[in-house]
Amino acid sequence: MASRGKSETGKLRQNMEEQLDRLMQQLQDLEECREDLEEEEYEETKKETLEQLSEFNDSLKKIMTGDMTLVDDLSGMQLAIQAAISQAFKTPEVIRMFAKKQPGQLRTRLAEMDREVMVGKLSRDVYVQQKVEILTALRKLGEKLTSEDESFLTENATASLSQFERVTADLGSEDKIMALASCGVKTKT
């Protein structure tokens with residue numbers, strides 16, 4: 001009893017992170033296997049995964065309102081889930097690193113993408129989309145961006161990412177965040 005719930009909190013956090021990892025991996029696998037699936041099967045599986053993310057988000061909300069010691073740790077996971085549901089971020093790998101608060105890995109991925117686009121391994125459109133997602137995630141994690149990165153973000157940010165950033169600027173506005181997550185804004189790519 002001396003731990004005052006610390007071990008239970010740790011175990012709960014670990015379970016929640018594993019659940020989030022599983023769902024993010026499921027989304028990533030689905031995107032990687034998209035060409036092997038029929039369109040209907042792909043859409044149905046994606047819909048089911050997004051429904052599971054939504055249910056997971058609901059569970060997080062309940063935990064956050066009932067246990068204040070978990071609020072800070074779970075807020076990042078909740079934002080990542082909301083980004084996935086709202087389709088502000090389209091890259092599961094970026095969502096996973098954002099949820100786990102891994103700015104170093106996000107920067108490493110960005111450097112890898114720079115190399116891949118130079119050698120033609122990554123298309124310019126995919127590069128722009130993922131770079132915008134990574135820079136937005138880095139900004140939300142409190143990382144300092146270069147003036148070049150800020151300019152790139154300003155020039156290329158999609159409406160859904162911009163809206164995600166605006167409503168999440170105030171973490172207390174949970175109703176706004178949920179409204180964004182539920183609307184699934186479709187924007188330019």
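Here the structure is a predicted model, which means the values were calculated and not measured.
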**Asked** Any idea which heavy atoms bring Arg34 and Glu39 closest together, and the distance?
**Response** NH2-OE2, 3.6 Å

**Asked** What distance do Leu138 atom CG and Leu110 atom CG have between them, rounded to the nearest 0.5 Å?
**Response** 7.5 Å

**Fill in**
Here the pair of heavy atoms bringing Phe56 nearest to Met16 is CZ-O, 3.3 Å

**Message:** Leu50 and side-chain contact (heavy atoms from CB on, under 4.5 Å): which single residue from Lys46, Lys47, Gln52 fits?
**Reply:** Lys46

**Item:** side-chain contact (heavy atoms from CB on, under 4.5 Å), paired with Gln25, selected from Asp29, Leu27, Asp21
**Value:** Asp29

**Item:** Met113/Ile134 under side chain to side chain contact (heavy atoms under 4.5 Å, CB included): CA gap, chis, key distance, verdict
**Value:** CA-CA 11 Å; Met113 288 171 30; Ile134 289 172; 3.7 Å; yes

**Complete:** Rounding to 0.5 Å, atoms CD (Glu32) and CG (Leu37) come to a distance of 12.0 Å

**Request:** Enter the distance from Glu18:CD to Leu23:CG here, rounded to the nearest 0.5 Å.
**Result:** 12.0 Å

**Prompt:** What pair of heavy atoms forms the shortest contact from Leu122 to Val126, and how long is it?
**Reply:** CD1-CG1, 3.5 Å

**Asked** Taking atom types as modelled, is there a side-chain donor on Glu31 or Tyr42 under 3.5 Å from an acceptor on the other?
**Response** yes

**Message:** To the nearest 0.5 Å, what is the distance between OG1 on Thr49 and CE on Met24?
**Reply:** 9.0 Å

**Asked** Within a strict 4.5 Å, meaning less than it, do heavy atoms of the Leu141 and Leu106 side chains meet?
**Response** yes

**Request:** Any pair with a residue in residues 113-123 that passes salt bridge (Lys or Arg N to Asp or Glu O under 4.0 Å), sequence neighbours left out, goes on the list, sorted by first then second residue, please.
**Result:** Arg109-Glu116

**Item:** Distance in Å, Arg107 CZ paired with Glu143 CD, rounded so as to fall on 0.5 Å steps
**Value:** 5.0 Å

**Prompt:** From Glu48 CD over to Leu30 CG, what is the distance, rounded to the nearest 0.5 angstrom?
**Reply:** 10.0 Å

**Message:** Just so I know, are the side chains of Leu153 and Asp149 near enough to count as touching, which here means a heavy-atom distance under 4.5 Å?
**Reply:** no

